[in-house]
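This report refers to the structure that appears directly beneath it.
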Amino acid sequence: MAAVFGATALTDAFNVAFRIPNLFRRLFGEGAFSQAFVPALAHAKERDGEEATRRLVDAVATALAWSLLATCVIGVAGAPALVWALASGLRKDPHSFDAAVLMTRWMFPYIGFMSMVALAAGILNTWKRYAVPAATPVLLNLCMIAAAWLGAPWFKSMGIEPIYAMAAGVMAGGVLQLAVQVPVLARLGLLPRIGLAASQVRDAWRDPGVRHVLGMMAPALLGVGVAQLSLLINTQIASHLATGSVTWLFYADRLMEFPTSLLGVALGVVLMPQLAAARATGDSDRYSAMLDWGLRLTVLLAVPAAAGLMLFATPLVATLFHYGAFRDTDVMQVSLALGGYGVGLLGLVAIKVLAPGFYADQDMRTPVRIAVAVLVITQLLNVALVPLLRHAGLALSIGIGALINAAWLLVGLKRRGSYEPGPGWGRFLLQVFAATALLAVYLMWASSSFPWLAWRNTEAAHRVLMLAVLLAGSLAIYFGALWAAGLKLRQFVTR
C-alpha cells in the first residue's frame, strides 16, 4: 500500500472510510459483544450443559444477525454524515471527501461479516479451538495486499480511481474470514441456526440468555464506545492537520499493532475463557495465577518491543514502507508517530491482559469508569501536545493514556483481592529492565550507523538483510542478558 499509494489525501480518505466500519466492529464484534458473550458462554458451558449452551448460541446469533442487517442499511445511507463526524477536515479537498463517502458505503457491510466472525471465534475459543480464529485475520491481509498489488493497476487501467481497489479488498477479506469459520463450526456441531421468521426473531430477543448478554453488553458498549470516541476525536484532529497525517498515523499504528496483537490480543483470547471458567468454578488461586503469568509474559516481551519502536523506528519504517510513492518525509513523520505509540506499548498490551480479569468476573462497569477518566486525560494531553508535536502528539497522548489505564486496572484488581502478585516480581523487573537498557544502547547505535533512507529501491534487499541481521542481534543481546542475569525462560512455557 505504501509503495503504490504513498501518503496523500486519497489515502487519508481510505483510512477514514476503513475506520468507520472498524469502529462499529469494535462495538458489535470483538469489542463489547465478545466481552459480554464469551464469559456468558463459558459460564453456560460449565453450569448448564452443552444443549442449553447451543440454544444460547442460536438465540444470540439470531439477535446479532438482524441487528447487524439494520445497522448496515442505516450506515450505508448515512455515510456522508459519518465521514463528516469522523474527519470533517477532509472537506478541504472535496474529491477526497467524496471518495471517503463512497468507500464507506462499499465497506460498511464489512462489519456484518466481521461481527459474525467474532461470534464464531468466541464459540471456538470457548471450546479451546484457537487455531482457526487466530489464523483468519491473515485472509484480510492477503486480500488487501492483492488489492494494492493487482487490483489497483487493474482499476487504473479501467479508468477507476486505484484507491477504490482497497475497499474491494477489505470486503473480500471479510467474506473469506467468515467462510473459513463455518466448516469448522459445522464439524463440531456448533454452527448457529439463525432464525428467519418474525416469531423466531422475537423469541430470540426474549431469550433469558440473550437478555443476560445484552445486560452485560450495556456497560461494555460504553467502555468500548469511550475508546472509539477517543479514536474518533483523534481522527478528526488529524484530518485538520497536514495532508497525509491520517495515513502517517495509520502506518505507525500498523507497526504498533504488531506486538500488541501478537502478544496482547493472543493472551486476551486465551485468558478470557480460562479466567471465566476459573471464576465459574470458584478457583481463585488459578484465576490469580493465570493473570500473574500473563502479566509477566507481557513485561518480558512488551518492554523490549517498546524500546525497539522508540529507538529503532526509522530503520523499521524505512525497510517496510520506503518504496515507490512513499517519500523520505513520510518515513520521518511515521517514525515520529511510532515513537509516541512506543511510549505506551506496555500499557496497550497489559490492558489486553488486565481487562479480561474484570470481564471474566462479569464486571464491565469498573473498566468503563477507568476508560472514561482516561479519555478525559488523553484529550487534555492532546491540547498540550498536538500544537507542539502535530500528529505525533496524538500518538504520544494515546501511549501515555494506555499506561495510565493499565496501571489503574492493575490497582483495581489488587484492591478487590482478585489478583495477588506471585513471588519474585522485584528481581524479575530488575532483570528485564537491565537487559532492555543494554538492548537500547545497541538499538541507538544500529539506528544511527547505517544510511537507512539512502538504501531505497536499488539496495532494498541489502536493507532488508541488514534489518534482519540487526534484529537477530537484538534478540541475542536481550535474551542473552536475561540468561546471564539468571532468568529461566522455561517457566513461561511450562506453567
Taking the side chain from [X] and the backbone from [Y], do they hold a donor-acceptor pair closer than 3.5 Å?
X	Y	value
Q181	V132	no
D283	A278	no
S288	D285	no
Y287	G357	yes
Y442	L470	yes
S239	Q236	yes
N405	G401	no
T378	V374	yes

[Y] side chain reached by [X] side chain, heavy atoms, under 4.5 Å:
X	Y	result
L301	P259	no
I400	L396	yes
M116	I194	yes
V383	Q379	no
R369	W408	no
W248	V331	no
L275	F358	no
L410	L295	yes

Rounded to the nearest 0.5 Å, what's the gap from [atom1] on [X] to [atom2] on [Y]? Could you check?
X	Y	atom1	atom2	value
L68	L119	CG	CG	9.5 Å
M107	C72	CE	SG	13.0 Å
I370	L409	CD1	CG	4.0 Å
H391	T247	NE2	OG1	10.5 Å
S418	L413	OG	CG	6.0 Å
R202	T62	CZ	OG1	13.0 Å

Exercise. Taking atom CH2 of W425 as the centre, does the number of heavy atoms from other residues, nucleotides or ligands within less than 6.0 Å exceed 12?
Worked result: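 Enclosed: over 12 neighbouring heavy atoms sit under 6.0 Å from CH2 of W425.
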Exercise. What residue among T260, I398, L394, L255 forms side-chain contact (heavy atoms from CB on, under 4.5 Å) with Y341?
Worked result: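 Checked T260, I398, L394, L255 against Y341; only one passes side-chain contact (heavy atoms from CB on, under 4.5 Å): I398.
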Quick check: closest heavy atoms across [X] and [Y], and the distance to 0.1 Å?
X	Y	result
C143	L176	SG-CD1, 3.6 Å
A446	F312	CB-CE1, 3.7 Å
L354	A406	CD1-O, 3.3 Å
A120	L185	CB-CD1, 3.5 Å
G393	L389	N-CB, 3.5 Å
L64	S115	CD2-O, 3.9 Å

For this session: Could you check S447 against L311 for side-chain contact (heavy atoms from CB on, under 4.5 Å), going step by step and ending with a plain yes or no?
Result: CA-CA 7 Å; S447 182; L311 302 174; over 6 Å; no
Problem set entry | Pairs touching residues 407-431 that satisfy salt bridge (charged side-chain N to carboxylate O under 4.0 Å, His left out), sequence neighbours left out |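 Listed by first then second residue: D361-R416, D363-R416.
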Exercise. Given V317 and Y251, is the side-chain contact (heavy atoms from CB on, under 4.5 Å) satisfied, shown in steps?
Worked result: CA-CA 8 Å; V317 174; Y251 285 119; over 6 Å; no
For this session: Would you please name every residue forming a side chain to side chain contact (heavy atoms under 4.5 Å, CB included) with L487, sequence neighbours left out?
Result: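 For L487, the residues satisfying side chain to side chain contact (heavy atoms under 4.5 Å, CB included) (neighbours in sequence not counted) are L300, F428, Q431, L482, L489, Q491.
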For this session: Might you work through the side chain to side chain donor-acceptor pair (under 3.5 Å) test for S245 and R390, ending with a clear yes or no?
Result: CA-CA 9 Å; S245 293; R390 313 302 289 172; over 6 Å; no
For this session: Please lay out, stage by stage, how R286 and Q274 fare under the test side chain to side chain donor-acceptor pair (under 3.5 Å).
Result: CA-CA 9 Å; R286 178 181 166 216; Q274 299 301 314; 2.9 Å; yes
For this session: Check step by step if side-chain contact (heavy atoms from CB on, under 4.5 Å) holds for L316 and F321.
Result: CA-CA 8 Å; L316 289 171; F321 302 134; over 6 Å; no
Exercise. Step by step, would you call F18 with M144 a side-chain contact (heavy atoms from CB on, under 4.5 Å)?
Worked result: CA-CA 12 Å; F18 190 32; M144 293 181 73; 4.2 Å; yes
Exercise. Considering residues at least two apart in sequence or located in another chain, which fulfil the salt bridge (charged side-chain N to carboxylate O under 4.0 Å, His left out) criterion with R211?
Worked result: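 By the salt bridge (charged side-chain N to carboxylate O under 4.0 Å, His left out) rule, R211 matches no residue at all.
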For this session: Using a strict cut-off of less than 4.0 Å between a Lys/Arg side-chain nitrogen and an Asp/Glu carboxylate oxygen, indicate whether R54 and D58 qualify as a salt bridge.
Result: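 Not counted as a salt bridge, because no side-chain N and carboxylate O are separated by less than 4.0 Å.
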